[in-house]
Number of protein chains: 2
Amino acid sequence: MPDACDGCSNDLCLRNVPLFSSLQRDAVHALTSEMEHHRYKKGEIIVREGEKASAFTVIREGSAKAYRITPDGREQILYIFPVNDYFGARFLFTEERVPYTVEALEPTTVCTLSKTNFENLLAEHSQVAIEIIEAMANRMSRLENAMQSMGGRNADMRIASLLLEFKESYGHYNGNFLEITLPLSREGLANYLGIARETLSRKLTQFEEDGIILAVGNRVIRILDLAKLTDLSYLVD
Amino acid sequence: MPDACDGCSNDLCLRNVPLFSSLQRDAVHALTSEMEHHRYKKGEIIVREGEKASAFTVIREGSAKAYRITPDGREQILYIFPVNDYFGARFLFTEERVPYTVEALEPTTVCTLSKTNFENLLAEHSQVAIEIIEAMANRMSRLENAMQSMGGRNADMRIASLLLEFKESYGHYNGNFLEITLPLSREGLANYLGIARETLSRKLTQFEEDGIILAVGNRVIRILDLAKLTDLSYLVD
DNA sequence: CTTGGTTTGTGATTTCAATCACAGAATAAA
DNA sequence: TTTATTCTGTGATTGAAATCACAAACCAAG
């Protein structure tokens, strides 16, 4: 059982969470006092698929992956939740059971809000409800894009799309170089894309040969030719 | 330009739409008077990808498909909207542009509500907002399932899953036979699944040989062995 | 009922990705 | 720094689905 996170409890730790940006300072403070705080090590399970959904969860530090185990034993990753992202709004509304397992990708702290507190929050702050709808809408856009790209027949396109997607959340400049610090191992990336790890490796090697990217160790990819990558994401041919 | 639908305008035509089931009779009546009504022939475009999103749309009769054209020229179908379903709630919130083209699959009538009227509706009837969140949540579940199944490596599983999904909306009994009247041609089904039409044909033939289904003409599939179909949807091997 | 355009099934072939197997690289720990 | 373990790249092979090509079946309109 993970430790409680006390470094957070008397601080306005939710200040930076976009979802709550519309709230007044004291409302955030009140909210914080209602939340529980937990700390997880890398690889620990935050919620497990099939459990009763009980809380709305905000990622305060670290990041997590949400996945299901497919019938043939593969791990299909559905979402990556970066810092300040959250999950659980949706299945508090409609489902009893959590639809996927959420696992910490690194040392991670989360704040959780019980179902009733969450419902009160929505009732009292309609702006938060609207922001949740917007966030759900964005997530749906992502799923639709993912679906389109997974329907796509070739792996290059899917990989290029993924790199561009990760660039948004995990891209940064190292000197003049645009680099992505990947949140997942090659195996994880492959599971996210629904392809074999070996295929991913081969394709990335090919991207390197084509001068599009450069792998810097296992977790960093430097983008050398963004235009070409964008082309690939549209059409490989 | 499609004709206006006048058979609907002074009737409580939205009575049967689940989304509005929480509204009082007179609220529905008021709503109806604010809606525009349009009629489309099979194949006509209701909204086109990239247009400015301007209205919330309810399918009153008929059905429609929502799709994007992928860079390699394929049509990737994202949703099928059956009678009484609706679309547009989501992109009124967040996006200026419609993320997919919606096309009538058969003679179809729709009712549309302008952005401002829709916003007023939500403001006055918070229950509708909650039902929209729930509907979005359900659609996300479907997308997540679709994503899992598209990540799945074999086509049999995807096809079996699709048949079971369609059974919910399009299944009916013909005598003792459970039958699905397909909303799409084989080509459409293949585009929905992201596989080649020929592959779909071959697999369906194989399903017939295995005594799982029986194709009755081009648009009806009779399910002979639901248990086997369910097995397939989990794992082919 | 006939007719003509459209949709569908199926054989032959090709292509792309999965799988198996293993060595080399990277990373974390002592 | 060294060592142990996990992660990654790559060759060989297999396998599943895409593609090409065309005939048969379907269905809607006279």
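All chains are named by letter (A, B, ...) in the order of the sequence lines, taking the proteins before the strands, and each is independently numbered beginning at 1. Model, not experiment: these values are computed from the prediction.
At least one side-chain heavy atom of B/Pro99 sits less than 4.5 Å from a side-chain heavy atom of B/Arg90. The closest side-chain heavy-atom distance from A/Phe207 to A/Leu232 is below 4.5 Å.
For the pair A/Arg142 and A/Glu168, the salt-bridge criterion is not met [side-chain N within less than 4.0 Å of a carboxylate O].
With no hydrogens or angles considered, a side-chain donor-acceptor pair links B/Glu106 and B/Ser63 at under 3.5 Å.
The CZ atom of A/Arg186 sits 19 Å away from the P atom of D/dT6 (whole-angstrom rounding). One atom, CD of A/Glu208, and another, P of D/dT10, lie 9 Å apart when rounded to the nearest Å. Rounding to whole angstrom units, CG of residue B/Leu200 and P of D/dA18 are separated by 10 Å. We find that CG of B/Leu184 is positioned 19 Å from P of C/dT6, with the value rounded to whole Å. Rounded to an integer number of Å, the gap from B/Leu189 CG to C/dT8 P is 8 Å. Across the protein-nucleic acid pair, A/Ile221 atom CD1 and D/dC7 atom C1' stand 14 Å apart, rounded to whole Å. What separates CE of A/Met157 from C1' of C/dA17 is a distance of 16 Å, to the nearest Å. Rounding to whole angstrom units, CG of residue B/Asn154 and C1' of D/dA18 are separated by 16 Å.
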key: Intermediate values then yes/no, side-chain hydrogen bond (donor to acceptor under 3.5 Å, both in side chains), A/Glu165 and A/Tyr192   = CA-CA 12 Å; A/Glu165 180 189 327; A/Tyr192 196 37; 3.1 Å; yes
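Of the candidate nucleotides D/dA17, C/dA17, C/dC20, C/dA17 has the atom nearest to the side chain of A/Asp156.
Phosphate contact (OP1/OP2 of D/dG9, side-chain N/O of A/Lys203, threshold under 4.0 Å): absent. Here A/Ser185 reaches the OP1 or OP2 of D/dT8: one of its side-chain N or O atoms lies under 4.0 Å away. In this model, the phosphate group of C/dT10 is approached by a side-chain N or O of B/Thr205 to a distance below 4.0 Å at OP1 or OP2. One finds a side-chain N or O of B/Ser201 lying less than 4.0 angstrom from the OP1 or OP2 phosphate oxygen of C/dG9.
The minimum heavy-atom distance between B/Ile77 and A/Met147, with the atom names listed, is O-CE, 3.9 Å. Scanning all heavy atoms of the two residues, the minimum distance from A/Thr57 to A/Thr112 falls at OG1-CG2, 3.6 Å.
Summarising the local packing, CZ of A/Arg48 is surrounded by 12 or fewer heavy atoms from other residues, nucleotides or ligands at distances under 6.0 Å.
Taking a pair as Watson-Crick or G-U with both hydrogen-bonding distances under 3.5 Å, the stems of three or more pairs touching DNA chain D are C:1-30 with D:1-30.
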ask   = How would nucleotides 21-30 of chain C be written as a contact map, 5' to 3', with B for base contact, S for sugar-phosphate-only contact and - for no contact, using protein heavy atoms under 4.0 Å?
value = B----SS---
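Between A/Tyr86 and A/Phe56, the ring-plane angle classifies as tilted under the 30° and 60° cut-offs.
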